[in-house]
Amino acid sequence: MGGLSRRQRARHPGRPRVLHTSVPTSEGTAGVLLTYVRDQVERGWSVTVACPSEGWLGYSAREIGAEVRWFDAAREPGPSVAEEVGRYVRLLADLEPDLVHLHSSKAGLVGRLAVRSQVPTIFQPHGWSFLAGGGPKAVLAARWERFAARWTDHLLCVSDGEAEVGRERGVLAPISVVPNGVDLERFTLTDDDERREARRALDLVVDAPTVVCIGRLSAQKGQQVLLDAWPEVLRACPAARLVLVGSGPDEQVLRERAGGLEGVQMVGPRTDVPAWLSAADVVVFPSQYEGAALAPMEAMAAGRSVIASWIEGIEESLPYECGAMVRPDRPEDFAEAIVRRLTEPGLADAEGMRGWRHVLATRDAAEAARRVSQLSLSLVESRPRRRGP
């Protein structure tokens, strides 16, 4: 994909050049990033998105007017980091951005090693990497975040809990909290007729009680816990169906586990997420950790009851009257919560309506994007881009 010429990218007063970078290219991180891009493009800013070519992020960003540079990078840190940093340095020299906004831990690693405060830099973890597990890897990740704070003009967190965890681990960059919002034009309230129509369109059993789980197939998202709970659900609701939407590193393991269970369907990564939410009676998120999960709020925007892990990053955004929160390590609690809502559809529908009202009143993605753009502009105006080493 060709880049713009330097003449085309020449500075204009009030038109900063912003470079967003992400290694995740689908699901929550990509969705949040895209709302920021849309707002900044609509402001007339020069916006570039650097990301891998897999997934939908780059293509969607291009459709709404951003320049896109393919930046293929491994999802996890490893031997490729040095080469990735070198490529990012060359990208910076070509684009000469006024602000760099790094999304998720891998982009935060590569980007800050390349930028090193030469350009105002926002880092947005979308969930701290040191929460992904224990042992030496988590210790090293926490040490890196403390060190990299010196190259972080602003840390953008999506929940008070995420910000507090960062402070507790000694990440001392200036922090702002901007909760994730929902695209209320894409995720809309749907009724029973639309639920049945969505099931027909998706080739699901129209009359079967249906549970949907959307997310990257990984240890973080906890689908294994949900599969462990499923036999108990089937004992109470033999006709129930479970649909897992997404892809990821645990896909093969989960497919093998799902193959031995009745009523489980894995449909891979999908861009028509609103349709799958419309098809659901209940939406389940068994995450083990989160920064501030966006998917539960999207489910609430569709008017669906939500069952989720009781963890930081979800509890701030899921009022108790909109579903249920259970311990992330207890499949039996997930099963009990699911069965209750499948056997009491009136309860699930009432929770869904309350969730819809909550999101409508408090979680508009457009407002969150405006706040991020205001922060970005203030950083550009307070510290112009430095030249040279």
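The basis for the numbers below is simple: all heavy atoms, side chains too, and nothing from hydrogens, waters or symmetry mates. Each residue takes its place number in the sequence, starting with 1.
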### Query
Cut-off 3.5 Å, side chains only: do Ser376 and His101 have a donor facing an acceptor?
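Not at all, the side chains of Ser376 and His101 share no donor-acceptor pair under 3.5 Å.
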### Task
Would you please say whether a donor-acceptor pair under 3.5 Å links the side chains of Tyr289 and Ser309?
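Looking only at side-chain atoms, Ser309 and Tyr289 do not form any donor-acceptor pair under 3.5 Å.
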### Query
Would Glu336 and Arg340 satisfy salt bridge (charged side-chain N to carboxylate O under 4.0 Å, His left out), going step by step from the backbone distance to the final call?
CA-CA 6 Å; Glu336 180 181 355; Arg340 185 181 177 199; over 6 Å; no
### Query
Should the pair Arg143 and Phe147 be classed as cation-pi, given the thresholds of under 6.0 Å to the six-membered ring centre and 45° from the axis?
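Not satisfied by the 6.0 Å and 45° rule.
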### Message
Measuring centre to centre across the rings, with the benzene-like ring taken for any Trp, is Tyr59 within less than 6.0 Å of Trp70?
### Response
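They qualify: ring centres under 6.0 Å apart.
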Measuring from [X]:[atom1] to [Y]:[atom2], what's the distance to the nearest 0.5 Å?
| X | Y | atom1 | atom2 | result |
| --- | --- | --- | --- | --- |
| Ser26 | Leu57 | OG | CG | 9.0 Å |
| Glu162 | Arg167 | CD | CZ | 11.0 Å |
| Arg196 | Asp191 | CZ | CG | 8.0 Å |
| Trp45 | Gln40 | CH2 | CD | 5.0 Å |
| Arg370 | Asp39 | CZ | CG | 7.0 Å |
| Leu318 | Met297 | CG | CE | 10.0 Å |

Is [Y] reachable from [X] through a run of I, L, V, M, F, W or Y residues, each pair having side-chain heavy atoms under 4.5 Å apart?
| X | Y | answer |
| --- | --- | --- |
| Val326 | Val225 | yes |
| Val23 | Leu109 | no |
| Phe285 | Leu254 | no |
| Leu217 | Leu261 | yes |
| Leu342 | Val243 | no |

Heavy-atom closest contact ([X] atom, [Y] atom, distance):
| X | Y | value |
| --- | --- | --- |
| Ala163 | Cys157 | CA-SG, 3.7 Å |
| Ala107 | Ser22 | CB-CA, 4.2 Å |
| Phe334 | Ala229 | CB-CB, 4.2 Å |
| Gly268 | Arg255 | N-NH2, 4.4 Å |
| Ala114 | Val89 | CB-CG2, 3.7 Å |
| Ala275 | Leu202 | O-CD1, 3.6 Å |

For the backbone of [Y] and the side chain of [X], can you confirm whether one donor and one acceptor N or O come within less than 3.5 Å of each other?
| X | Y | result |
| --- | --- | --- |
| Glu164 | Ser159 | no |
| Arg116 | Leu113 | yes |
| Arg62 | Val68 | no |
| Asp153 | Thr121 | yes |
| Arg257 | Gln224 | no |
| Thr29 | Thr25 | no |

### Query
When you look at Thr210 and Arg195, which way does the side-chain contact (heavy atoms from CB on, under 4.5 Å) test go after all the steps?
CA-CA 10 Å; Thr210 301; Arg195 184 178 354 234; over 6 Å; no
Just so I know, are the side chains of [X] and [Y] near enough to count as touching, which here means a heavy-atom distance under 4.5 Å?
| X | Y | value |
| --- | --- | --- |
| Ile122 | Val100 | no |
| Leu140 | Phe130 | no |
| Phe187 | Val359 | no |
| Asp72 | Ser53 | yes |
| Val85 | Val110 | yes |
| Ser305 | Leu347 | no |
| Arg69 | Glu67 | yes |
| Ile338 | Leu242 | no |

### Query
Are Glu351 and Arg341 ion-paired here, with the side-chain N under 4.0 Å from a carboxylate O?
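A salt bridge links Glu351 with Arg341.
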#### Entry: Sidechain N-carboxylate O distance under 4.0 Å for Arg330, Asp333
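Yes, this pair counts.
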### Query
For the residue pair His20 and Tyr36, does the interplanar ring angle fall in the parallel (under 30°), tilted (30 to 60°) or perpendicular (over 60°) class?
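Answer is tilted, since the angle falls between 30° and 60°.
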### Query
Who are the salt bridge (charged side-chain N to carboxylate O under 4.0 Å, His left out) partners of Arg371, not counting sequence neighbours?
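Expected list: none.
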### Message
Suppose the criterion is side chain to side chain donor-acceptor pair (under 3.5 Å): which pairs have a residue in residues 73-84, not counting sequence neighbours?
### Response
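Listed by first then second residue: Ser80-Glu84, Glu83-Arg87, Glu84-Lys106.
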Please indicate whether [X] has more than 12 foreign heavy atoms, meaning atoms of other residues, nucleotides or ligands, lying under 6.0 Å from its [atom1].
| X | atom1 | value |
| --- | --- | --- |
| Asp192 | CG | yes |
| Glu168 | CD | yes |
| Glu54 | CD | no |
| Glu262 | CD | no |

### Message
For Ser218 and Asp250: C-alpha separation, side-chain torsions, deciding distance, then whether side-chain hydrogen bond (donor to acceptor under 3.5 Å, both in side chains) applies.
### Response
CA-CA 5 Å; Ser218 66; Asp250 289 358; 5.7 Å; no
### Query
Going through the checks in order, is the side-chain contact (heavy atoms from CB on, under 4.5 Å) test met by Trp151 and Val115?
CA-CA 8 Å; Trp151 296 327; Val115 178; over 6 Å; no
### Trace of the side-chain contact (heavy atoms from CB on, under 4.5 Å) decision for Ile214 with Val273
CA-CA 8 Å; Ile214 298 172; Val273 170; 3.7 Å; yes
### Query
Would His103 and Thr21 satisfy side-chain hydrogen bond (donor to acceptor under 3.5 Å, both in side chains), going step by step from the backbone distance to the final call?
CA-CA 6 Å; His103 299 262; Thr21 305; over 6 Å; no
### From Arg241, Arg199, Arg304, residue fulfilling salt bridge (Lys or Arg N to Asp or Glu O under 4.0 Å) relative to Asp281
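So the option named by the test is Arg199.
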### Task
Please lay out, stage by stage, how Val212 and Val284 fare under the test side-chain contact (heavy atoms from CB on, under 4.5 Å).
CA-CA 6 Å; Val212 173; Val284 183; over 6 Å; no
